[in-house]
A.B. asks: 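Have a look at this one.
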Amino acid sequence: MEKQDPSTPKDCLACRILGGSSLLLCSVYVLSMGIRAKTRNAKISSYLFGSSLGYTGVARLLDIFPFGTKPDVESVAST
């Protein structure tokens, strides 16, 4: 089990709310620009990038992977 360094602060709730909501707002902006895009490639790339920003925002808010605890790979590999 890893020991946490006491000099590094834990992730606070206010930091998660601010970071997650800003990522979600950026996602909404990118997706709205994707709707206005004229070419098909621009729409697809905007949708992909906007959805990845949205997932990252939700992951930040809910403190799930990649921000929270890592999934237990050893237990998955043994089954």
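Source: prediction; values computed, not measured. The figures that follow rest on heavy atoms only: side chains count, while hydrogens, waters and symmetry mates do not.
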A.B. asks: Give the minimum heavy-atom separation between Phe65 and Tyr55, together with the two atoms involved.
C.D. replies: O-OH, 3.0 Å

A.B. asks: Can you tell me how far the CG atom of Asn41 sits from the OG atom of Ser46, to the nearest 0.5 Å?
C.D. replies: 10.5 Å

A.B. asks: Can you name the nearest heavy-atom pair linking Val58 to Leu24, along with the distance?
C.D. replies: CG2-CD2, 4.0 Å

A.B. asks: So which pairs with a foot in residues 20-35 pass salt bridge (Lys or Arg N to Asp or Glu O under 4.0 Å), sequence neighbours left out?
C.D. replies: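 Qualifying pairs: none.
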
A.B. asks: Among residues at least two apart in sequence or on other chains, which ones pass side chain to side chain contact (heavy atoms under 4.5 Å, CB included) with Ala37?
C.D. replies: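 Once residues adjacent in sequence are excluded, the partners of Ala37 under the side chain to side chain contact (heavy atoms under 4.5 Å, CB included) criterion are Ala42, Lys43.
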
A.B. asks: Applying salt bridge (Lys or Arg N to Asp or Glu O under 4.0 Å) as the test, list every pair that has at least one member in residues 17-40; sequence neighbours left out.
C.D. replies: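 Qualifying pairs: none.
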
A.B. asks: How is the hydrophobic cluster of Leu25 composed, in terms of its other members, when Ile, Leu, Val, Met, Phe, Trp and Tyr link through side-chain heavy atoms under 4.5 Å apart, directly or indirectly?
C.D. replies: none

A.B. asks: Using residues 26-33 as the side-chain source, report each donor-acceptor pair under 3.5 Å to any protein atom, sequence neighbours left out, with the distance given to one decimal.
C.D. replies:
unit_1: Ser27; atom_1: OG; unit_2: Gly50; atom_2: O; d: 2.7
unit_1: Ser32; atom_1: OG; unit_2: Val28; atom_2: O; d: 3.4
unit_1: Ser32; atom_1: OG; unit_2: Tyr29; atom_2: O; d: 2.7

A.B. asks: Who are the side chain to side chain contact (heavy atoms under 4.5 Å, CB included) partners of Ile35, not counting sequence neighbours?
C.D. replies: Tyr47

A.B. asks: Testing Leu18, Leu61, Thr56 for side chain to side chain contact (heavy atoms under 4.5 Å, CB included) with Leu23, which one passes?
C.D. replies: Thr56

A.B. asks: Going by the salt bridge (Lys or Arg N to Asp or Glu O under 4.0 Å) test, which pairs reach into residues 47-61, not counting sequence neighbours?
C.D. replies: Asp11-Arg60

A.B. asks: List, by chain and number, the other hydrophobic cluster members for Ile44, where Ile, Leu, Val, Met, Phe, Trp and Tyr join if side-chain heavy atoms come within less than 4.5 Å, directly or indirectly.
C.D. replies: Leu48

